[in-house]
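A quick write-up on the structure given underneath.
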Number of protein chains: 2
Amino acid sequence: MSKTTTIVREGESCDVTCINPGKVRSLARSLPKASTVERISGIFQIMGDSSRLKILHCLSQGDVCVCDLSAVLGMNVSAVSHQLRLLRALNLVKPKREGRIVYYSLSNQHVGELMKMGLEHEREN
Amino acid sequence: MSKTTTIVREGESCDVTCINPGKVRSLARSLPKASTVERISGIFQIMGDSSRLKILHCLSQGDVCVCDLSAVLGMNVSAVSHQLRLLRALNLVKPKREGRIVYYSLSNQHVGELMKMGLEHEREN
DNA sequence: GGATTAGTTGCATAACTGTTCAAATATTAA
DNA sequence: TTAATATTTGAACAGTTATGCAACTAATCC
């Protein structure tokens, strides 16, 4: 039943042995486009680090300054700041300066919900 | 208002400058324990890669063999197999041999739901 | 038996990531 | 102004990761 078929995907074509050409074509069509997959995996990747997850967990309970985050996580202020920069770049958190102190908060509730989902998955496993 | 306090976290203590010792203590208490955070971030980390996300997306539509996955994703059979091993190790997918062909499927629906969440986040953003 | 096909695995490697250190910026206090 | 504090940033480093190649196992077909 094996067969060599030419699969066309996003402009380029390549010869691959595939068991079920029809299924392959329909699966290929069903995939969200590359940029979408990239952005979704980006979100998950960001949440795939314990330090960042802890930071987000703290912020889900209200504004926290960098200094306090550093104390809670038990890590370098600089390290925390680097991670906050990443989170800022992805619009997951936003800063608010008050004098010398910068308070961070979640930009929206989506991340909080994703975290809750993660916790539930964990519990059910 | 700044103050130097000793924060005790999981047996070890360290001196850190922190703005709000009370808040820090309560946040520290509110954090899920290390192993839990680790496992949750592990799940997200696994989904934080476009190849794996595509694989999982395919499997969310039914059983697919390694060969077809390779064709759909346009990548090496070996590379796909390596990723499947990771997913297997985390009990996210399971193999079923039929002759020479190995069909993979999702172990449970949790991952599918997480992916849906990701897609929704993406859309709302 | 030998040949072919599907998949796995170990190794090598290039690319990426998280953290730390040191230096810079910004704001307040003396 | 100088000193102190809160945060940011860039460079460097160690550790991890995704992929491809080559060699292997497993199953089928001749």
Side-chain angles (χ1 to χ4, degrees), chain A residues 1-5 14-20 24 37-38 41-42 44-55 63-90 93-104, chain B residues 1-5 14-20 24 37-38 41-42 44-56 63-90 93-105:
Chain A
M1 216 240 242
S2 282
K3 210 168 155 187
T4 296
T5 321
C14 58
D15 285 337
V16 258
T17 332
C18 79
I19 305 299
N20 188 338
V24 168
V37 175
E38 218 67 51
S41 68
F44 284 125
Q45 192 178 22
I46 279 293
M47 305 190 60
D49 174 82
S50 13
S51 306
R52 284 192 293 266
L53 216 48
K54 288 183 203 160
I55 290 175
D63 298 9
V64 189
C65 67
V66 181
C67 198
D68 283 354
L69 280 173
S70 152
V72 175
L73 302 200
M75 65 193 278
N76 217 318
V77 174
S78 170
V80 173
S81 184
H82 277 300
Q83 299 294 7
L84 286 169
R85 188 157 61 117
L86 270 182
L87 297 172
R88 241 186 302 141
L90 278 161
V93 305
K94 56 175 198 286
K96 181 181 57 170
R97 177 151 229 144
E98 278 181 20
R100 279 185 288 219
I101 304 172
V102 178
Y103 289 94
Y104 277 88
Chain B
M1 215 239 243
S2 281
K3 210 166 152 189
T4 297
T5 321
C14 59
D15 285 336
V16 257
T17 330
C18 77
I19 304 300
N20 188 339
V24 168
V37 175
E38 218 68 49
S41 67
F44 285 125
Q45 192 179 19
I46 280 292
M47 305 189 60
D49 174 83
S50 14
S51 306
R52 283 193 294 265
L53 216 47
K54 287 181 201 158
I55 290 176
L56 293 171
D63 298 9
V64 189
C65 68
V66 180
C67 197
D68 284 354
L69 280 174
S70 153
V72 175
L73 303 200
M75 65 195 275
N76 217 317
V77 174
S78 168
V80 173
S81 184
H82 278 302
Q83 299 295 5
L84 286 169
R85 187 156 61 116
L86 271 181
L87 297 171
R88 240 185 304 140
L90 278 161
V93 305
K94 56 176 197 285
K96 181 181 55 171
R97 177 149 228 147
E98 277 182 21
R100 278 186 288 219
I101 304 173
V102 179
Y103 289 95
Y104 277 88
S105 58

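Proteins get letters first, then strands, A, B, ... in listed order; numbering begins at 1 in each.
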Atom CZ of A/R85 to atom C1' of C/dT19: distance rounded to whole Å? 13 Å
Nearest-angstrom distance from the residue atom CD of A/E98 to P of C/dT27: 13 Å
Euclidean distance, atom CD1 of residue B/I46 to atom C1' of D/dT17 [Å, nearest integer]: 11 Å
Length of the CG-P vector between B/D63 and C/dG7, whole Å: 13 Å
C/dC16 phosphate, OP1 or OP2, under 4.0 Å from A/Q45 side-chain N/O: no
Does a nitrogen or oxygen in the side chain of A/N76 sit under 4.0 Å from OP1 or OP2 of C/dT20? yes
If you check the A/R88 side chain, which of C/dA29, C/dG18, D/dT9 turns out closest? D/dT9
Quick check on DNA chain C: between B/R100 and A/L86, whose nearest nucleotide comes earlier from the 5' end? B/R100
In this structure, OH of A/Y104 is separated from CG of A/D68 (nearest 0.5 Å) by 14.0 Å
Kindly determine whether A/L69 and A/L84 satisfy side chain to side chain contact (heavy atoms under 4.5 Å, CB included), including the steps that lead there. CA-CA 10 Å; A/L69 280 173; A/L84 286 169; 4.2 Å; yes
Using the six-membered base ring of C/dT19, report whether A/H82 stacks on it, requiring centroids under 5.5 Å and planes under 30° apart. no
What is the nucleic acid contact for A/V66, judged by heavy atoms within less than 4.0 Å: base, sugar-phosphate only, or nothing? sugar-phosphate
Tell me the interatomic distance from B/K96, atom NZ, to C/dG7, atom P, rounded to whole angstroms. 13 Å
What verdict does the side chain to side chain contact (heavy atoms under 4.5 Å, CB included) test give for A/V64 and A/V72, after you've listed the backbone C-alpha separation in whole Å, the side-chain angles of each residue and the deciding distance to 0.1 Å? CA-CA 10 Å; A/V64 189; A/V72 175; 5.8 Å; no
Nucleotide D/dT7, atom C1' - distance to CG of A/L84 in whole Å: 10 Å
For the student: nearest non-hydrogen atoms of A/M75 and A/S70, plus distance: O-OG, 2.9 Å
Counting only side-chain nitrogens and oxygens, does A/Y104 get under 4.0 Å of the OP1 or OP2 atom of D/dT8? yes
Within this structure, what is the CG-CD distance for the pair A/L53 and A/Q83, rounded to the nearest 0.5 Å? 11.5 Å
Considering just the side-chain nitrogens and oxygens of A/S51, establish if one lies under 4.0 Å of OP1 or OP2 belonging to C/dT19. yes
Would you classify A/Y103 as touching base, sugar-phosphate or nothing, given that sugar-phosphate means primed atoms plus P, OP1 and OP2, and contacts are heavy atoms under 4.0 Å? nothing
Interatomic distance, B/D49 CG vs D/dT16 C1' [rounded to whole Å]: 13 Å
How many whole angstroms separate atom CE of B/M75 from atom C1' of C/dG7? 15 Å
Below 3.5 Å, does any donor atom in the side chain of B/S78 face an acceptor in the base of C/dT9, or the other way round? yes
Please work out if B/A79 contacts a base, only the sugar-phosphate, or nothing of the nucleic acid, heavy-atom cut-off 4.0 Å. sugar-phosphate
